[in-house]
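What follows is a set of notes on a single structure, which appears directly below.
Each chain gets a letter, A, B and so on, in the order the sequences are listed, and its residues count up from 1.
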Protein chains: 2
Amino acid sequence: MKRQITIKDIAVKLGLSTSTVSRALKDHPDISPKTRAAVKELAALLGYRPNRIALNLRNNSTRTIGLIIPEIEHYFFSAIINGIEEIAYKNDYSVMVFQSNESYKREVINTQAVLTNRVDGVLVSFSKETNDFSHFQKLIENEIPVVFFDRVVDSLPADQVVADDYQGAFIAVNHLIEKGCRRIAHFAAPQNLQIGKSRLSGYHDALLKHNIHFDHELVFLADTYETAKKAAHDILRKPNPPDGFFAVNDMSAIAIIKAAKELGKRVPEDLKVVGFENSKSAGLSDPELTTVDQFGFELGREACLMLLKRLKEQTPAELFKPIRKVIKTKLVVRSST
Amino acid sequence: MKRQITIKDIAVKLGLSTSTVSRALKDHPDISPKTRAAVKELAALLGYRPNRIALNLRNNSTRTIGLIIPEIEHYFFSAIINGIEEIAYKNDYSVMVFQSNESYKREVINTQAVLTNRVDGVLVSFSKETNDFSHFQKLIENEIPVVFFDRVVDSLPADQVVADDYQGAFIAVNHLIEKGCRRIAHFAAPQNLQIGKSRLSGYHDALLKHNIHFDHELVFLADTYETAKKAAHDILRKPNPPDGFFAVNDMSAIAIIKAAKELGKRVPEDLKVVGFENSKSAGLSDPELTTVDQFGFELGREACLMLLKRLKEQTPAELFKPIRKVIKTKLVVRSST
DNA sequence: GAAATCAATGCAATCGATTGAAATTTATTT
DNA sequence: AAATAAATTTCAATCGATTGCATTGATTTC
């Protein structure tokens, strides 16, 4: 790599000390106008750029945010990254991305990478496999601010940003009931994830409100296209199949529609389907999918803003009070209901 | 932030010099086994982690790769990031992501950010707006290795990784013709992008091969869902509409299918559609979309590997010979043809 | 027993920029 | 002209780790 121009180069050429050059460049009042002008001119001429690494070392800060995320290749998460990058960019921070690929082991390595890279703060949505949170605990012990988004834990002293999963699930199921469904299945996420629990709970309470019996047999663990497709096939072939489906994400919902079509059932006539996410695909499926918009972009923005606030504040650990921010969700009604 | 344990802390506690501690930690033969053991034990006990920033300064390297990309929120690009992160991870590099949001202005700022962050190398897919490449030229002049992927320029001395756009377009259109289409429209990308040109050229040559007249009137600039939907509506309402469509990406292709359905036309009976990308959505549309898989994940991997190779080699600028790697594409036949 | 050898450790400079304190130069006052 | 004040500039330490070159002390050799 070509050697970059340093402050020393400028100092030598002008017969000054590095201190003077440094101060001249940042308009320190001690420096005479003449010297200042000379320094700035030469700096511009040589294309001087301050060495960020040196500043990082001195300030013990990198103006970098670490992002630990399950899978980039997933609309919801890429929308979140988009929101994060937007805010980071505006505040002159950079974003380092680490994928866990839904693997606990890799996630632990990611937290180490985040430590060695000395990022100023970390944004985390943990993997489906994660049940032990001590690797995040370690980040916090190192006094690196951590903000969890979407997938969060209450047991750690860290901020959280989540969609209003309970409310989203509730309005989704409520909508199904109002559209005439009485036997509603729920395709759920793993129950170690809070989103799994909250959405199940919203589903449960919406049924309750309308005096519909909550049937354990109608709740399935199916949060991917493949598992949902298989599960939907199984259920729809049984006698007395559900007339409504509330899926924990759009992929599962679209899989249900697909399975229904393959079995010669019509959506929304024979069964209605609601998803959760409002991904690009939701608007493209046939029929178009009714779904709960969880505003990934906003969620990413909020999470990043919250982290930046912590970085400014520098709250000492003993005074730390975690904040939980909930992003309202919104039902987007399309033709699958 | 909590002060991290440094080599000096260890040195003081053991009554040694920092040099000895440093050498002990890296198993330098000069250090006696006793001292080495003591140092390592204390280091482990205190949870010592070498300060990467200090090493960055000393080695003038950050083990970080900069990624400048139009939009994360797009299946193809997120697949590419996935591939890049995969390779970077395996080689102990980190990835910094900068979005241009298809804006030339922002892209220029991104190249500056990449410079101030002192990344070791840069991966670039430039924006649709970009016609002036001097900001990338500046990176190269600073002897920062640059690899372009997907959207590339020949005028700069930099490596390239691209999908075989010509071949992909050719087999796609050839497929349409073999399926009986004779009047085939092309929804193209802007012609300042090489992918736009190459795919148009593949389309052209496939027609030629089958002695089908190339009609300028059948080529449209429409590379987003919205523009494609509008264009498709217009064309399909005219007399003698096309019986086949080759779209430059899946979103446009799906928009065409949608427009056709809205006009009461059947796919693939009345018209056949082929996309380009093989996104998640392609498998979900109804009918499922025939498309050209451009292997985004592989493309990202290859681009990253190529960059890492350059970082190892350190070829001096005057000996630099750009390499162009072409990833073969593959037709995925589904029910839209 | 003095010189040579070798193992083990320490010193000090380096990477680039910053900054409190000291030193120098210049201007002002008496 | 001397004394003081004010304006500039430099010195040197710092951030954390590394490394060529001493230095120390012990052992070996003739």
Where the side chain of [X] meets the backbone of [Y], is there a donor-acceptor pair that is under 3.5 Å apart?
X        : Y        : value
B:Ser127 : B:Thr130 : yes
A:Arg36  : A:Ile31  : yes
A:Asn82  : A:Phe297 : no

To the nearest angstrom, how far is [X] atom [atom1] from [N] atom [atom2]?
X       : N      : atom1 : atom2 : value
A:Leu55 : C:dC15 : CG    : C1'   : 13 Å
B:Leu25 : D:dT19 : CG    : C1'   : 15 Å
A:Arg52 : C:dT18 : CZ    : C1'   : 16 Å
A:Asn56 : D:dA17 : CG    : P     : 15 Å
A:Asn59 : C:dT19 : CG    : C1'   : 12 Å
A:Ile53 : D:dG16 : CD1   : P     : 16 Å
A:Lys8  : C:dC15 : NZ    : C1'   : 10 Å
A:Ile5  : C:dC15 : CD1   : P     : 14 Å

> NA contact type, B:Leu16, heavy-atom cut-off 4.0 Å: base, sugar-phosphate, or nothing?
Replying inline: sugar-phosphate
> Reckon A:Leu57 touches a base, only the sugar-phosphate, or nothing at all at heavy-atom distances under 4.0 Å?
Replying inline: base
>> Please list, in numerical order, the residues of residues 31-39 of chain B that have a heavy atom closer than 4.0 Å to any atom of DNA chain C.
In response: B:Ile31, B:Ser32, B:Thr35
> Sequence neighbours excluded, which residues qualify as ring pair (Phe, Tyr, Trp, His ring centres under 6.0 Å) partners of A:Phe98?
Replying inline: none
I'd like to know if [X] pairs up with [Y] as an ion pair, taking the criterion as any Lys NZ or Arg NE/NH1/NH2 lying under 4.0 Å from an Asp or Glu carboxylate oxygen.
X        : Y        : result
A:Asp27  : A:Lys40  : yes
A:Glu71  : A:Arg151 : no
A:Glu41  : A:Lys34  : no
A:Arg310 : A:Glu313 : yes

>> Which is more 5' along DNA chain C, the nucleotide nearest B:His28 or the one nearest A:Tyr48? Just name the residue.
In response: B:His28
> On DNA chain C, nearest-nucleotide positions of A:Arg58 versus B:Thr18: which is more 5'?
Replying inline: B:Thr18
>> Within the 4.0 Å limit for protein heavy atoms, which parts of nucleotides 20-25 of chain D are touched? Write it as a string from 5' to 3', B for base, S for sugar-phosphate only, - for none.
In response: B-----
> Would A:Ser125 and A:Phe148 count as a side-chain contact (heavy atoms from CB on, under 4.5 Å) if you check the C-alpha gap in whole Å, the side-chain angles of each, and the deciding distance to 0.1 Å?
Replying inline: CA-CA 6 Å; A:Ser125 191; A:Phe148 287 95; over 6 Å; no
Side-chain N or O of [X] less than 4.0 angstrom from OP1 or OP2 on [N]?
X       : N      : answer
B:Ser17 : C:dG10 : yes
A:Thr20 : D:dT10 : yes
A:Lys26 : C:dT19 : yes

>> So if I apply the side chain to side chain contact (heavy atoms under 4.5 Å, CB included) rule between A:Met306 and each of A:Asp159, A:Leu311, A:Ile87, which one comes out positive?
In response: A:Asp159
